[in-house]
Protein chains: 2
Amino acid sequence: MSRGTKRRSYHHGNLRRALIDAALELVSENGPHGFSMREAARRAGVSSGAPYKHFPDRDALMRAISAEGEQRLLAAMDEEMARAGTEPTARFRAMGIAYVKFAVANPSYFRVMTMPEYLDAEQETTIQGQEDAVHAIISSAQASGAMTADDPRVVSLAAHCLVYGLARLFIDGHLARDGIGPQQAEAVATAVTGVFGRGLVPRKPDQ
Amino acid sequence: MSRGTKRRSYHHGNLRRALIDAALELVSENGPHGFSMREAARRAGVSSGAPYKHFPDRDALMRAISAEGEQRLLAAMDEEMARAGTEPTARFRAMGIAYVKFAVANPSYFRVMTMPEYLDAEQETTIQGQEDAVHAIISSAQASGAMTADDPRVVSLAAHCLVYGLARLFIDGHLARDGIGPQQAEAVATAVTGVFGRGLVPRKPDQ
DNA sequence: ACCTGAACACCGTTCAAGT
DNA sequence: ACCTGAACACCGTTCAAGT
């Protein structure tokens, strides 16, 4: 058996996995731009042609990363929602905060996942399913009187924009400039979703 | 003088401009991925080494596009804000809607502008200035009682997230799937900013 | 069944040479 | 001052050949 560290040959092991891991490493070091098929192969200790036994082309490897990230994101959101209990607005907010936390904790996955060129049909149906789940939560919150009766599609869209935009601003370093680091992701997401929930127009009785 | 169409030589003309235009064309045809220095040179009718007299490297050309797009975005927002009058919340909302409209109308500029690797220091100070202007509007709206007294930084951040996220969803085709096209950009931006202004938590007296 | 390594057409970038 | 075109080191992808 392999003693301790990695073997220099994957004839027997899992080259597919090793290539994905190497690609994630390269993305985290130099951005999506800095990944190449040949360098990933080199890091996996394999010749330049070998990856093509596992992925038809460069884009397919990226799509595999994108799909894997998507699964992890969904799992993370499910977990946080379970922790949030059964009240729909609490679940809704927990989902948004979990989204931002995932992005900040997994920037390489997030950057690849959010490149439109790496979304395949299979993943689009996963996303569609997730959107349906969001609509169900919104409807349920509205039915119980805990949420305004705005068009659920608009509410869902606005919420999606909000958390996606926040995640991007974190990942792209636009908040680091203002001294906001990854450790504050949860606090910032909580503040931003709070403002979104209460609205900007003052409430008459509270004035 | 040049009769009608483009000359095949830029010895005399403006190669810098021609390269930027060719690059924008390539981005709009194949995405940022599909742009290459050599192909831009080819389209400008010039040899592979010529671009390097005008741009030190590929990234510099992209940064030039990014900066140019930024200027156009600021101009578009200023125009719409002037049209919106003097009431701060109306100006604030007009700015957000103008942002989304610009992105949808200029996807190539927007895609390049939003790649963090193509932001230079100069552009960051422009962005900083814009952020300060946003804070001024928010303070003014709060002072007149037309906006809640939330932390202006959080309000500004949430608004930024919202419009950036919406622009991205448009550009990346996530709304086309739901049958929402570019012509609906203004209507959708109006709906989304409306929900954001009113909030999701129901208002007691209106219930 | 899986990997090697040469091959081809590309790309970014440099640089001596031309006008 | 600006452009050419060969050169070099890279990259994606293919494919005959090896095990």
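Residue numbers start from 1 in every chain, and the chains themselves are labelled A, B, ... in the order their sequence lines are given, proteins ahead of strands.
- We find that B/R43 and B/E29 are joined by a salt bridge, their nearest charged nitrogen and carboxylate oxygen being less than 4.0 Å apart.
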At under 4.0 Å between heavy atoms, which parts of nucleotides 13-19 of chain C does protein reach? Answer with one letter per nucleotide, 5' to 3': B base, S sugar-phosphate only, - none. BB-----
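- With salt bridges taken as basic N to acidic carboxylate O contacts below 4.0 Å, none links A/E117 and A/R63.
- Pairs engaging residues 160-174 of chain B under the salt bridge (charged side-chain N to carboxylate O under 4.0 Å, His left out) rule: B/R168-B/D172 [sequence neighbours left out].
- Under the salt bridge (charged side-chain N to carboxylate O under 4.0 Å, His left out) criterion, B/E122 pairs with no residue at all, not counting sequence neighbours.
- Distance from the side chain of A/L15 is smallest for C/dC3 among the nucleotides D/dC11, C/dG12, C/dC3.
- Looking at heavy-atom distances under 4.0 Å, B/S47 makes contact with a base.
- Atom-to-atom, CE of A/M62 to C1' of D/dG12 comes out at 13 Å; the value is rounded to the nearest Å.
- Atom-to-atom, CG of A/L61 to C1' of D/dC11 comes out at 15 Å; the value is rounded to the nearest Å.
- By the 4.5 Å heavy-atom criterion applied to side chains, A/N30 and A/F35 are not counted as neighbours.
- Separating the CD atom of A/E39 from the P atom of C/dC11 is a distance of 21 Å, rounded to the nearest angstrom.
- A salt bridge does not link B/R153 with A/D178: none of the charged nitrogens is closer than 4.0 Å to a carboxylate oxygen.
- At D/dC11, one or more side-chain N or O atoms of A/R42 fall inside 4.0 Å of OP1 or OP2 (strictly under the cut-off).
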